[in-house]
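Some notes on the structure that comes next.
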Amino acid sequence: MDVDFGEWPFLEEDSRVQSCAYSPDGKTLAVGLEDGTIRLYETATWEKTHTLSGHTSWVTSVVFSPGGQQIASGSSDNTVRLWDAQTGAPGAILSGHTSDVTSVVFSPSGQHIASGSSDNTVRLWDAQTGAPGAILSGHTSWVTSVVFSPSGQHIASGSDDKTVRLWDAQTGVPGAILNGHTWEVMSVAFSPSGQHIASSSDDKTVQLWDAQTGAPGAILSGHTDSVRSVVFSPSGQQIASGSDDKTVRLWDAQTGAPGAILSGHTSWVTSVVFSPSGQQIASGSHDNTVRLWDAQTGVPGAILSGHTDSVRSVVFLPSGQLIASGSDDTTVRLWDAQTGAPGAILSGHTFPVMNVVFSPSGQQIASGSYDNTVRLWDAQTGAPGAILSGHTSWVTSVVFSPSGQQIASGSNDKTVRLWDAQPGAPGAILRGHTSSVRSVVFSPSGQQIASGSSDNTVRLWDAQTGAPGAILSGHTSYVTSVVFSPSGQQIASGSRDNMVRLWDAQTGAPGAILSGHTSYVTSVVFSPSGQQIASGSDDNTVRLWDVESARRRGRPDFGRSALNVVVSNQRQQSE
């Protein structure tokens, strides 16, 4: 009781979080959102890997199959959808409910799915084919939560009718009715042993029950508002509950004794889940965040707080030991990447810092700003270095050459400028674009530069002399992103015309046109092997493209080979 629980880093979404689930191996977290999407995160890095799009209304429930190969999601669009957990590919759509699907769960064998709905029923489905099974009727108001017992022999369902009902999972025959809550039952969970059930309610309590007899046990009181979610830890020793009072509370599962109160959310906590190891808790909230907590020790993880305005750019030191962040508060801040401890504050810019980059050696930082300058800094001490002045409008892009000896910067003044990275001495000014330069990149050899512009073109330049090369024309709107393939033989460019285009880097000859995005492309990148391209778009998706297969087929447009997934912060990065 003397431990102060702290929060781990949190994941900020652009829509309310309705549900969270860890994969069985703990390596992936799935987050169901009010905008109808499910976002997948790799828990080792908290990088967003996929977004599963298809539901046309809120995702109310999301769950992994026991083997981790499938995801099932329920939605206010009245359907359950199945997904491939590795690729994000959609599977069967389970239709039959006549109102919102509120809860979805796999049987322990992974062979069946149970779903609860506002139509007052629980429905069973074949998890492989999606074929419908028994319909469990008896609740007199909507079903809010459904769960299988660990043995898979029983189902428990909670309802707005204030009851929990037990069912035979094979036959659908009803069992005991658990009465005691004075308001709607919001969530139901079996203990890992299957001997107990926990239910949470609008009556602000969590109620424990004997799963065999239905006899009531301890009542866990303390929340000051509706308890929306309840879950047992994998060991069965703890219970976590999330509430409209914006907190997560921990309880001793045997005695019901209260434990730590996890505070930090600024709106309702809608979903709480333990990681498979039991060492972490993830909680989702209507404040658009997922917060991570250490469930055993309460030791806080890193929260990188200090900027006083929006963070526009974040980058790791090549060694991974430091993080640099640029902000609208006009500063660059350094952080210890392991502990999150703040380091130097790099002050000097007089307008927002739009991008930050480490040199390949990790010894320097370059930052570009709306104050029309690029500033250099010592990456270890934060000491200011040269101020690269010359642009007559804001700097939109900064990049080091592969050798680290040169810097290229693009600007709203329609130019690309080259600089010597050590003394900051100005070099060639690359003129030719007729509108803002939005993206600048060196080729892997460092011999070429490519720049994308609001004039709808990509231009190639000699990195040593600044001499102009080919003009890559074809886009019908702003070029927002340019990148060389790892071999340096190809260029990919993304545009506000919704297209990604490929080009021969030596001749500028056009190659394939990658179509599929329904809004402008904000970012393009090659995989390290050069065999794939990923493109992010303002349509909230990232599309993956197979470069080699398209070349072999000789097709100029191979958008159908794409896989749609959503990327966070694409809009912010493009802006």
Donor-acceptor contact below 3.5 Å, side chain [X] vs main chain [Y]:
{"X": "Ser439", "Y": "Ser451", "value": "no"}
{"X": "Ser369", "Y": "Pro352", "value": "yes"}
{"X": "Thr43", "Y": "Lys27", "value": "yes"}
{"X": "Ser75", "Y": "Ser57", "value": "yes"}
{"X": "Asp77", "Y": "Thr56", "value": "yes"}
{"X": "His50", "Y": "Gln86", "value": "yes"}
{"X": "Ser327", "Y": "Thr331", "value": "no"}
{"X": "Asp371", "Y": "Thr350", "value": "yes"}
{"X": "Ser481", "Y": "Gly494", "value": "no"}

Would you please test Ser53 and Thr37 for side-chain contact (heavy atoms from CB on, under 4.5 Å) and show each step?
CA-CA 5 Å; Ser53 301; Thr37 66; 3.9 Å; yes
Test side-chain hydrogen bond (donor to acceptor under 3.5 Å, both in side chains) on Arg438 and Ser454 and set out the steps.
CA-CA 7 Å; Arg438 290 176 166 260; Ser454 297; 2.7 Å; yes
CD/Gln532: more than 12 non-hydrogen atoms of other groups inside 6.0 Å
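More than 12 within 6.0 Å, yes.
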Verify the neighbour count for atom CD of Gln69: are there more than 12 heavy atoms of other residues, nucleotides or ligands below 6.0 Å?
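No, because the 6.0 Å sphere around CD of Gln69 holds 12 heavy atoms or fewer from other groups.
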What are the two closest non-hydrogen atoms of [X] and [Y], and how far apart are they?
{"X": "Val395", "Y": "Gly368", "value": "CG1-CA, 4.0 Å"}
{"X": "Pro24", "Y": "Ser65", "value": "CG-O, 3.3 Å"}
{"X": "Pro444", "Y": "Gly488", "value": "CD-CA, 3.7 Å"}
{"X": "Val482", "Y": "Ala450", "value": "CG1-CB, 3.6 Å"}
{"X": "Thr465", "Y": "Asp462", "value": "N-OD1, 2.9 Å"}
{"X": "Ala324", "Y": "Val332", "value": "CB-CG1, 4.4 Å"}

Just how far is it from atom [atom1] of [X] to atom [atom2] of [Y], taken to the nearest 0.5 Å?
{"X": "His475", "Y": "Arg496", "atom1": "NE2", "atom2": "CZ", "result": "13.5 Å"}
{"X": "Arg333", "Y": "Ser347", "atom1": "CZ", "atom2": "OG", "result": "7.5 Å"}
{"X": "Ser527", "Y": "Asp546", "atom1": "OG", "atom2": "CG", "result": "9.0 Å"}
{"X": "His349", "Y": "Thr373", "atom1": "NE2", "atom2": "OG1", "result": "4.5 Å"}
{"X": "Thr51", "Y": "Leu33", "atom1": "OG1", "atom2": "CG", "result": "8.0 Å"}
{"X": "Lys246", "Y": "His265", "atom1": "NZ", "atom2": "NE2", "result": "12.0 Å"}

What pairs of residues pass the ring-ring contact (aromatic ring centres under 6.0 Å, His included) test when at least one of them lies in residues 438-461, not counting sequence neighbours?
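Sorted result for residues 438-461: empty, none.
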Minimum side-chain heavy-atom gap Met354-Thr396 below 4.5 Å
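Side-chain contact under 4.5 Å: no.
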Ile449 vs Leu418 side-chain heavy atoms within contact, under 4.5 Å:
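Counting from C-beta outward, Ile449 and Leu418 do come under 4.5 Å.
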Can you name the residues that form a ring-ring contact (aromatic ring centres under 6.0 Å, His included) with Trp394, not counting sequence neighbours?
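Counting only residues at least two positions away or on another chain, Trp394 forms a ring-ring contact (aromatic ring centres under 6.0 Å, His included) with Tyr370.
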Mind telling me whether Tyr41 and Trp46 have parallel, tilted or perpendicular rings, with 30° and 60° as the class edges?
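Tilted: the ring planes of Trp46 and Tyr41 meet at 30° to 60°.
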Under the side-chain contact (heavy atoms from CB on, under 4.5 Å) test, which residues partner Thr28, sequence neighbours left out?
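Thr28 satisfies side-chain contact (heavy atoms from CB on, under 4.5 Å) with Ser23, Leu40, Phe64 once adjacent residues are dropped.
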